[in-house]
Amino acid sequence: MKKTILTGVILGAGLLLAGCGQQATANKKTVSIGVLQVVQHGSLDQARKGFKAGLQKELKAHDSKLKVKYRYLNAQGDQSNLNTMSQQLVQQKNDLLVGIATPAAQALAKKTTSIPTLVTAVTDLKAAGLVKSDTKPQTNVSGTSDLMPVGKQLQLLKNMATGNKPLGIMYNSSEENSVLQVKIAKAYAKKHHIDLKVVSATSTNDVASVLAGLTGKISGLYLPTDNLMASAMKTIGQKATAAKLPVVTGSIEMAEDGGTATYGLNYYELGEQTGKMAYQVLVKKQKPQTMAVQTADKLHLYVNKSNANAIGIKPSSIKQP
């Protein structure tokens, strides 16, 4: 009799534990996030890593049982890839979509108006047609803007440059975010009596030749947060260093890859902010329609010491504008 009772207790305990295990498994809901990145380079890669880290931090801090499955696609700068990949991510019925950089964000927005979508590394969401207002998007899209302090970056370059030659700006005129930054730079330059020489390159093959055409005509080079320029930073850095040209870049990652200095945001931190927004969408059930677009919480002065030394500038002499 005792043996029978003991067996029943053990069996009951086993069923109870099994039930608890099933309950725990059931409580661990899995959501899928489709991530589309326009091209691979340091700034965008850091934004993606920061996004995952930011979301994970929020889940851990709030003891959430949510499990996340990522589907990541990189278009490698090809528009046809963007169209195909965005369609693929929408058809997979992901719970959340993430667009990294303006072209990726726009590609996703064209494919769905219902799936919640967050974007990062986009300069102006309204100008890109992603939201109706930065304070109240009224679309299925929100996220974080990487609009930089263009005027302060241009002033930083002016402070480093020597001689009376104009400052140069090189950008891709096909990128909306770059066009906006150049417009801001021109307005700042006009107000502060800074001469500019502005040129455009539209492919990686053009960058070296366009830069060669500037050499000897400018006293410093400014590069906005431009995906083409970011992808070509190694080449730009080598050419500019050989010409003893200081280069101020739109992002820290671009400066690390060949620039001289910048005053701007950290894309990993910007990605983290976007990850926190993702927590609000996935767990708190907030809708992007009502979530204000955010800008970077912090800005940093970054100096590429090896590059500064190579062109004859003391790193310690470079100060925040």
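Treat the numbers as computed from the prediction; the structure is a model and nothing was measured.
- Screening residues 158-205 for ring pair (Phe, Tyr, Trp, His ring centres under 6.0 Å), with sequence neighbours left out, gives Y188-H192.
- Scanning all heavy atoms of the two residues, the minimum distance from T123 to S145 falls at O-OG, 2.6 Å.
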task = Show your reasoning for whether side chain to side chain contact (heavy atoms under 4.5 Å, CB included) applies to I194 and Q155.
result = CA-CA 9 Å; I194 299 173; Q155 189 60 53; 4.3 Å; yes
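- The closest donor-acceptor contact from the side chain of K217 to the backbone of G213 lies under 3.5 Å.
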message = I'd like to know whether K67 forms a side chain to side chain contact (heavy atoms under 4.5 Å, CB included) with K29, so could you lay out the CA-CA distance, the side-chain angles of the two residues, the decisive distance to 0.1 Å, and finally the verdict.
response = CA-CA 6 Å; K67 294 178 68 177; K29 180 185 175 184; over 6 Å; no
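- There is a side-chain donor-acceptor pair under 3.5 Å between S203 and D206.
- With rounding to the nearest 0.5 angstrom, the CD atom of E272 is 12.0 Å from the CD atom of Q56.
- Listed by chain and number, the residues in a ring-ring contact (aromatic ring centres under 6.0 Å, His included) with H300 amount to none (sequence neighbours excluded).
- Residues meeting the salt bridge (charged side-chain N to carboxylate O under 4.0 Å, His left out) test with K183, sequence neighbours left out: none.
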request  = Apply side chain to side chain contact (heavy atoms under 4.5 Å, CB included) to the pair N74 and V35, showing each step before the final yes or no.
outcome  = CA-CA 8 Å; N74 191 314; V35 181; over 6 Å; no
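- In this structure, K52 contributes its side chain and Y70 its backbone to no donor-acceptor pair below 3.5 Å.
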ask   = Run the side chain to side chain donor-acceptor pair (under 3.5 Å) check on Y267 and E253 step by step: do they pass?
value = CA-CA 8 Å; Y267 273 88; E253 290 78 11; over 6 Å; no
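- By the rule that hydrophobic residues join a cluster once side-chain heavy atoms approach within less than 4.5 Å of another member, L73 and V119 end up as members of separate clusters.
- Listed by chain and residue number, nothing satisfies the salt bridge (charged side-chain N to carboxylate O under 4.0 Å, His left out) test with E58 (two or more places apart in sequence, or in another chain).
- A 6.0 Å sphere centred on NZ of K239 holds no more than 12 heavy atoms belonging to other residues, nucleotides or ligands.
- Under the 3.5 Å distance criterion, the side-chain polar atoms of T241 are left unmatched by any main-chain donor or acceptor of Q238.
- Between the OG1 atom of T235 and the CG atom of D257 there is a distance of 11.0 Å, given to the nearest 0.5 Å.
- The distance from the NZ atom of K190 to the CG atom of D195 is 13.0 Å, given to the nearest 0.5 Å.
- Atom CD1 in I33 sits 11.5 Å away from atom CG in L89 (nearest 0.5 Å).
- The other members of the hydrophobic cluster of L211, by chain and number, are M170, V199, V207, V210, L214, I218, L221, L223, L228, M229, M233, I236, L245, V247, M254 (side-chain heavy atoms under 4.5 Å, ILVMFWY only).
- The side-chain heavy atoms of V98 and L36, taken from C-beta on, include no pair separated by under 4.5 Å.
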request  = Apply side chain to side chain donor-acceptor pair (under 3.5 Å) to the pair S200 and N172, showing each step before the final yes or no.
outcome  = CA-CA 5 Å; S200 174; N172 180 4; 4.9 Å; no
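- Under a hydrophobic-cluster definition in which Ile, Leu, Val, Met, Phe, Trp and Tyr are linked whenever side-chain heavy atoms come within less than 4.5 Å, directly or via other members, L180 and V38 are assigned to different clusters.
- Atoms OG and CD, on S142 and Q280 in that order, are 11.5 Å from each other to the nearest 0.5 Å.
- Applying the salt bridge (charged side-chain N to carboxylate O under 4.0 Å, His left out) criterion to D45, with sequence neighbours excluded, gives R48.
- In this structure a side-chain-to-backbone donor-acceptor pair under 3.5 Å is missing from Q294 to G143.
- Under 3.5 Å, the side chains of T260 and N304 contain no donor-acceptor pair of N or O atoms.
- One hydrophobic cluster holds both L167 and V182 under the rule that ILVMFWY side chains link at heavy-atom gaps under 4.5 Å.
- Sorted by first and then second residue, the pairs that involve residues 270-290 and meet ring pair (Phe, Tyr, Trp, His ring centres under 6.0 Å), not counting sequence neighbours, are H62-Y279.
- D78 and S80 form a side-chain donor-acceptor contact under 3.5 Å, judged by distance and modelled atom types alone.
- Nearest heavy atoms, T120 versus A47: CG2-CB, 4.0 Å.
- Using a 4.5 Å heavy-atom cutoff, the side chains of Q87 and Q91 are in contact.
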request  = Go through the steps for S174 and T202 under the test side chain to side chain donor-acceptor pair (under 3.5 Å), then give the verdict.
outcome  = CA-CA 7 Å; S174 298; T202 55; 5.7 Å; no
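- Nearest heavy-atom pair across T262 and A255 is CG2-CB, 4.3 Å.
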message = If you apply the rule side chain to side chain contact (heavy atoms under 4.5 Å, CB included), what do you find for L147 with T295, and how did you get there?
response = CA-CA 7 Å; L147 182 60; T295 54; 5.7 Å; no
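- Considering only heavy atoms from C-beta on, V248 stays 4.5 Å or farther from L154 through its side chain.
- Here the closest non-hydrogen pair linking A75 and N81 is O-ND2, 3.0 Å.
- Atom OG in S32 sits 7.0 Å away from atom NZ in K69 (nearest 0.5 Å).
- In the hydrophobic clustering, Y268 connects to no other residue, as no ILVMFWY side-chain heavy atoms lie under 4.5 Å from its own.
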Show every donor-acceptor pair shorter than 3.5 Å between a side-chain atom in residues 125-139 and any protein atom, with sequence neighbours excluded, or say none if there are none.
{"unit_1": "S133", "atom_1": "OG", "unit_2": "T135", "atom_2": "N", "d": "3.2"}
{"unit_1": "S133", "atom_1": "OG", "unit_2": "T135", "atom_2": "OG1", "d": "2.9"}
{"unit_1": "S133", "atom_1": "OG", "unit_2": "K136", "atom_2": "N", "d": "3.4"}
{"unit_1": "T139", "atom_1": "OG1", "unit_2": "L130", "atom_2": "O", "d": "2.8"}
{"unit_1": "T139", "atom_1": "OG1", "unit_2": "V141", "atom_2": "N", "d": "3.1"}
{"unit_1": "T139", "atom_1": "OG1", "unit_2": "V141", "atom_2": "O", "d": "3.4"}

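- The closest side-chain heavy-atom distance from P103 to L82 is below 4.5 Å.
- Checked against salt bridge (charged side-chain N to carboxylate O under 4.0 Å, His left out), D95 has no partners two or more places apart in sequence or in another chain.
- Under a hydrophobic-cluster definition in which Ile, Leu, Val, Met, Phe, Trp and Tyr are linked whenever side-chain heavy atoms come within less than 4.5 Å, directly or via other members, M148 and L156 are assigned to the same cluster.
- Within the structure, side chain to side chain donor-acceptor pair (under 3.5 Å) pairs that include any residue of residues 222-232 comprise H41-N227, Q153-Y222, E175-N227, S178-D226, Q181-T225 (at least two apart or interchain).
- Both L282 and I115 are part of a single hydrophobic cluster, where members link through side-chain heavy atoms under 4.5 Å apart.
- Shortest non-hydrogen contact noted between S219 and T162 is CB-O, 3.3 Å.
- Of all heavy-atom pairs between V122 and A105, the closest is CG2-CB, 4.0 Å.
- If you check the side chains of T144 and T274, you find a donor sitting under 3.5 Å from an acceptor.
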Side-chain donor-acceptor contacts of residues 314-321 below 3.5 Å, not counting sequence neighbours, with atom names and distances?
{"unit_1": "S317", "atom_1": "OG", "unit_2": "K314", "atom_2": "O", "d": "2.6"}
{"unit_1": "K319", "atom_1": "NZ", "unit_2": "S316", "atom_2": "O", "d": "3.0"}
{"unit_1": "Q320", "atom_1": "NE2", "unit_2": "Y263", "atom_2": "OH", "d": "3.3"}

